> 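Submitted below is the structure of interest, expressed as structure tokens.
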Amino acid sequence: MSVTFCGLELVHPIVNGSGTFDAIAARQAFGPGFDDVFPFSAYVSKTITAAPRAGNPPPRLFEVPAGLINSIGLPNKGLDGWLASDLPQLATLPVPLITNVMANSAQEILPLVDALDDRPEVAAIELNVSCPNVRTGLDIGSDAGELGRFVSAVRPRTTKPLIVKLTPNAADVPGIARAAEAAGADAVSLLNTLRAFAPAPGGAGAAWLGGETGGMSGPALRAVALAQVRAVAACVAIPIVGMGGVASGRDARAFLDAGATLVAVGTESFRDALAGARIRDELAELSANTGLVFS
Amino acid sequence: MSVTFCGLELVHPIVNGSGTFDAIAARQAFGPGFDDVFPFSAYVSKTITAAPRAGNPPPRLFEVPAGLINSIGLPNKGLDGWLASDLPQLATLPVPLITNVMANSAQEILPLVDALDDRPEVAAIELNVSCPNVRTGLDIGSDAGELGRFVSAVRPRTTKPLIVKLTPNAADVPGIARAAEAAGADAVSLLNTLRAFAPAPGGAGAAWLGGETGGMSGPALRAVALAQVRAVAACVAIPIVGMGGVASGRDARAFLDAGATLVAVGTESFRDALAGARIRDELAELSANTGLVFS
Amino acid sequence: MPVAGTPRTTAPPGRRLLTVGPRAEYGAYIVLSAADLDGPLPQPGQFYMLAAGERWGGGEDERPYLPRAFSVLRVGEHGLEFMLERVGPGTTRLAELAPGDGLWVTGPLGQGFTAPEDERRAVLCGGGVGTAPLALLQDGLRVAERPAPVLLGFRDHAHALGAALIPGSRVATDDGSVGHHGLVTELLADELDDNDHAVVYACGPPAMLEAVRALCAAREVPCQLALEAGMACGFGACFGCVVPAADGSYLRVCVDGPVIGGERLDTCLVAGHAA
Amino acid sequence: MPVAGTPRTTAPPGRRLLTVGPRAEYGAYIVLSAADLDGPLPQPGQFYMLAAGERWGGGEDERPYLPRAFSVLRVGEHGLEFMLERVGPGTTRLAELAPGDGLWVTGPLGQGFTAPEDERRAVLCGGGVGTAPLALLQDGLRVAERPAPVLLGFRDHAHALGAALIPGSRVATDDGSVGHHGLVTELLADELDDNDHAVVYACGPPAMLEAVRALCAAREVPCQLALEAGMACGFGACFGCVVPAADGSYLRVCVDGPVIGGERLDTCLVAGHAA
Ligand SMILES: Cc1cc2nc3c(=O)[nH]c(=O)nc-3n(C[C@H](O)[C@H](O)[C@H](O)COP(=O)(O)OP(=O)(O)OC[C@H]3O[C@@H](n4cnc5c(N)ncnc54)[C@H](O)[C@@H]3O)c2cc1C
Ligand SMILES: Cc1cc2nc3c(=O)[nH]c(=O)nc-3n(C[C@H](O)[C@H](O)[C@H](O)COP(=O)(O)OP(=O)(O)OC[C@H]3O[C@@H](n4cnc5c(N)ncnc54)[C@H](O)[C@@H]3O)c2cc1C
Ligand SMILES: Cc1cc2nc3c(=O)[nH]c(=O)nc-3n(C[C@H](O)[C@H](O)[C@H](O)COP(=O)(O)O)c2cc1C
Ligand SMILES: Cc1cc2nc3c(=O)[nH]c(=O)nc-3n(C[C@H](O)[C@H](O)[C@H](O)COP(=O)(O)O)c2cc1C
Ligand code: FES
Ligand code: FES
């Protein structure tokens, strides 16, 4: 089941989706022994921004049929806080660390990338480009030209593998993936949550979520994710981290078959902290039965 | 519960989604008495094209968590066949008829619009713009400029209300709705199905559906639909037909609260041919309880 | 039983909540009953769309979501009877329903079997759950005083116990554990060798139906095939349940069928329909 | 019971499938039990994430999908006990589980109550299902020979039957059908009027907790509040379960709580948390 991804040797293809697993809190809840059963072959941090963010006011969650809408608002300690207090703890995880970062301009992202490039504990950098452009209100990642410029600015600043996490809220996701590849991305990951709205029970159009709109994840969007991964795989040569509603080894297999090299598990971990390990085992069994191999 | 929509007086706000209810087949299955309990206040035909289409090879359906992927492929008798054999039967329905049409260029759509404009049985025309542009492969409806030109070409050809059914596979759905409005659309409807992929059980990346990719509908996408309706309502003054996973009066209420004037029921009718009537009744009860009125 | 041209029995509009009555097991099969006091009597070969009254969902991969199609097996003292086999989340959920539980039904739906047009004898041929519509058909033929041989094919012993649903049937099993060791279409060929002034009524998996279709076409014996297809609605709304017709068009199994004359079909083998 | 600074009991990693044992009804409440042979003993105030072993889903609006948080009520002869009220699709599904059914659990989770730091007496104050964590707490205090008054508020008679879960408790009801006619916080004020050298342990709906918090702040009585919040994971993964802290940040109820000192909170009133 081992797999090479952007030069990283990973023992299996299952990682976590950014922002869906707090390895530090997991040690608190399950004890330090959690590291011994760590379900992922690499750990993706939640999104880190330059300045600290408190996140959105509650409520932050709304359950939908076979899915979840969240409006967490990317709470994090900011780059300095993360480097000082989280990184040392994450560096002791038994797997490589991929750090996810976001900013709403190339200018603002560069210091983040520079700082991470300096840290040997960081194995790879993931760019979250589902960040609204202040001028247009649309995600930076929803326009191929804009995304290309963004990635081109980042690329020269680090020799670490650079993964671009695409936004699904776009007309032409494969075209955008191509732009990321052309600008020097080593991999793309997708999909991020779909923009969604949860009505407050009282009605009259009020939003349930403190952050007004949110993003939908979970099995409800798996088929949409598979379509996008498949379309992107047909257009780019760089590896793909596929995700969206993965809940079983069969689902993971479908993403690999659609062209992904790694598969990320997000919401399913909320139902079971060891879902990633179960999915890994189911995948191994499926692959053994069908004789399929990992690329 | 009565509502005025583009000059049509409708007895309640619940209609069907195009292609999700065959009123002629319903008479065959339930007898002609079905007209007496007809669940919708207007009937939207399935998409009609200039030439007849057989539709996609089976399988055409794949069930997903709280939803359905279809790859029907718009089978229809073509304009002439529809006018000759379906229209006379649909004209005797107890409710106004909205005819949905599609073509992949303005040139090709005009004869359809001209022919429908001639027919007094047709109360309004819905343009399905989720049709791939032959040149770019993207939906005509996914680009504001292209859609604006398309609608501008159609607008002068008919005095009937013109509804533009937007595609959800776009980065900036509100911007596209604005383009439709500016080009003279009397209303917009959304959302159409989300592009989705169903893997064949055998694996290895093969598609389950005869048409390879399909479109996802049902409760799984309701929250995405609500977000898009809400965003569009904030940008346009023309009325909106909201749809996507409506399964209860509460869901219909949420779409009305988000800014829709009519609510269309699609997949839920597959579970119960009279779902539209139940939803109408639940909506009336909810509205009575909360004192909310229809706009 | 209806002669050709008799209008199909139409369903009351919309779905109706019935109460599950006694259930029985026949090896691998479950027979579920539900009294349908307000519904019409179905014709042989018609079907119903079924869903559990509660908890239709939450099974394998969060399914089922849509209702599932089932041929009516018989109308007995406890009402409608359905024969089902657990093959996925929908049938698994239906199989666990207990007397008193709610059952959503829409039906009877579709075009059923019609009586032999001339003095031809009827020959009934079923495979697996394809046994179901033949039971009501045989009852109808018996009432019409046209008794007919019933040939049934099953995978193995546990499945062959389903043959008890049609007393007097002859059985073939894939593994030879019961009756003829081989395919039910071999029994059918023998039967037609004896006397091919017949109409064949068949229901079963696509591969079996295709064999029946080809065999009957070769011998110029008319056949009425009760088809299966993945369905979303069952009443012509979704255009999802199609099979390729001989004329190059597609037929909707739910409204144009499920019983379709073999001569109208291109093939019964549709990718994705259970083999 | 743990003194402040005692490490929390950690959960075995991942979810585990237990078997439901006997269940009981106390008016509007159900007590569900499940033997957790491999799990550690929970501390008072800790909670578990629960989901039915089968058919978690397919209820109202195709939910539930995520597991649901429940305080441990007690550890009795049949194992872990949970007290629950049907308020939506998750609790409805859990309430219909029968002995022998599967139950997924993750836990014990979170930070529970800690023993009074000095010679202060404990006063326990609960509302509705907020009764649950006080039962185990009272057991712990009794073992520590620090018996404490327990004040419980309920909506009406059917709910007040839940008070039987903590023998010796004093009850207030909104409708006056049982005990004091009014709010449980009125009983709490009386109790503190008597003797405010106390620590208040409270669990209940946000409005009640907020009243307790304000009342204790005004009297400078320390309080430990067991909060509720909509949760997806229960172990700090989703950042969804936050409440606003006094310092302007947000606390995660599942890892920073559910028991949080009143002084650390800005308010217990969070839009969308059950009132
Ligand atoms: C007219 C008619 C009459 C029938 N009568 C009977 C009867 O009397 N007794 C009986 O037992 N059965 C009968 N069937 C078949 C029955 O409807 C199916 O067995 C049932 O729908 C299976 O549902 P499931 O959820 O248990 O299995 P599914 O998971 O739906 O699997 C059943 C088949 O569907 C396909 N499939 C797998 N996954 C999916 C998916 N996600 N979406 C769509 N398709 C998928 C595969 O081919 C699989 O073998 C009849 C079908 C028709 C059309
Ligand atoms: C630490 C902790 C301990 C708890 N202990 C207990 C206990 O011991 N006993 C007990 O009965 N309960 C307890 N609860 C509360 C319990 O978790 C909830 O009652 C349960 O989650 C409700 O689930 P449901 O599906 O039945 O209802 P839901 O439908 O989830 O409704 C419950 C509340 O959630 C909100 N809501 C409504 N719809 C949605 C939606 N789609 N998505 C998100 N939120 C929604 C509303 O405020 C509603 O009132 C505890 C909660 C926490 C956090
Ligand atoms: C609660 C929550 C928080 C998330 N936070 C982040 C984040 O900080 N950065 C990011 O790139 N993606 C974030 N995501 C998106 C996930 O990484 C993933 O792309 C998405 O949830 C789809 O996968 P899933 O269906 O398996 O959850 C978050 C998702 C959820 C549900
Ligand atoms: C089987 C099926 C066929 C459809 N056919 C059409 C069509 O012909 N034209 C069209 O504009 N939309 C078509 N749609 C889209 C629906 O009208 C509707 O936009 C979509 O299904 C979302 O609503 P729902 O979730 O209530 O089904 C179809 C949807 C389904 C499920
Ligand atoms: S099942 Fe929907 S048209 Fe046949
Ligand atoms: S419930 Fe997920 S962080 Fe608390």
Side-chain angles (χ1 to χ4, degrees), chain B residues 16 19-39 46 52 54-68 70-76 198 200-201 206-210 217-220 266-267 269-278, chain C residues 7-17 40 46 49 51 56-68 88-90 104 106-111 229-245 247-256 269-273:
Chain B
N16 66 298
T20 65
F21 207 92
D22 182 333
I24 299 170
R27 283 174 176 159
Q28 218 184 332
F30 301 114
F34 193 77
D35 284 9
D36 302 334
V37 292
F38 199 75
K46 62 172 174 274
N56 289 335
R60 292 180 171 183
L61 302 172
F62 191 76
E63 189 184 61
V64 290
L68 171 67
N70 83 79
S71 167
I72 306 296
L74 305 174
N76 76 93
W208 166 263
L209 296 167
S217 63
T267 307
S269 293
F270 301 160
R271 310 211 310 169
D272 177 9
L274 290 183
R278 172 179 56 77
Chain C
R8 66 182 64 185
T9 300
T10 59
R15 70 179 187 180
R16 298 170 288 131
L17 191 61
Q46 287 195 301
M49 297 299 285
W56 190 243
E60 181 202 330
D61 197 20
E62 313 301 323
R63 299 192 299 133
Y65 163 64
L66 296 161
R68 299 296 196 258
W104 288 115
T106 303
L109 294 165
Q111 174 61 52
M231 290 187 175
C233 69
F235 56 91
C238 74
F239 281 77
C241 59
V242 296
V243 288
D247 66 4
S249 71
Y250 289 112
L251 297 170
R252 279 175 285 179
V253 170
C254 71
V255 284
D256 301 319
L269 289 175
V270 171
H273 292 176

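Every chain is numbered from 1, with letters handed out A, B, ... down the list of sequences. Not measured: the values here are computed from a predicted model.
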> Determine yes or no for a side-chain-to-main-chain donor-acceptor pair under 3.5 angstrom, with C:E62 supplying the side chain and B:A66 the backbone.
no
> Contact part of C:R252 toward chain B, heavy-atom cut-off under 4.5 Å: side chain, backbone, both or neither?
side chain
> So which part of C:P12 gets closer than 4.5 Å to some heavy atom of chain B, the side chain, the backbone, both or neither?
backbone
> Pick one of side chain, backbone, both or neither for C:A11, based on which atoms fall under 4.5 Å of a heavy atom in chain B.
both
> Name the region of C:F239, side chain, backbone, both or neither, that has any atom closer than 4.5 Å to a heavy atom of chain B.
both
> Would you check if the side chain of B:R60 reaches a backbone N or O of C:V242 as a donor-acceptor pair within less than 3.5 Å?
no
> With a 4.5 angstrom heavy-atom cut-off, could you sort out which part of B:F34 is near chain C: side chain, backbone, both or neither?
side chain
> If you define the side chain from C-beta out and look only at heavy atoms, does anything of B:P57 sit under 4.5 Å from C:Y250?
yes
> Tell me if a side-chain donor or acceptor on B:R271 pairs with a main-chain N or O of C:Y65 at a distance below 3.5 Å.
yes
> Find the distance between SG (C:C238) and CG (B:N70) and round it off to the nearest 0.5 Å.
8.0 Å
> Which atoms of C:L66 come close to chain B, meaning under 4.5 Å heavy atom to heavy atom: side chain ones, backbone ones, both, or neither?
both
> Report the distance from atom CZ of C:R68 to atom CD of B:E63, rounding to the nearest 0.5 Å.
4.0 Å
> Between B:T267, B:I72, B:L68, which residue shows the highest count of heavy-atom pairs closer than 4.5 Å to chain C?
B:I72
> Heavy-atom cut-off 4.5 Å, strictly under: side chain, backbone, both or neither for C:S249 against chain B?
neither
> Side chain, backbone, both or neither: which part of B:N56 has a heavy atom under 4.5 Å from chain C?
backbone
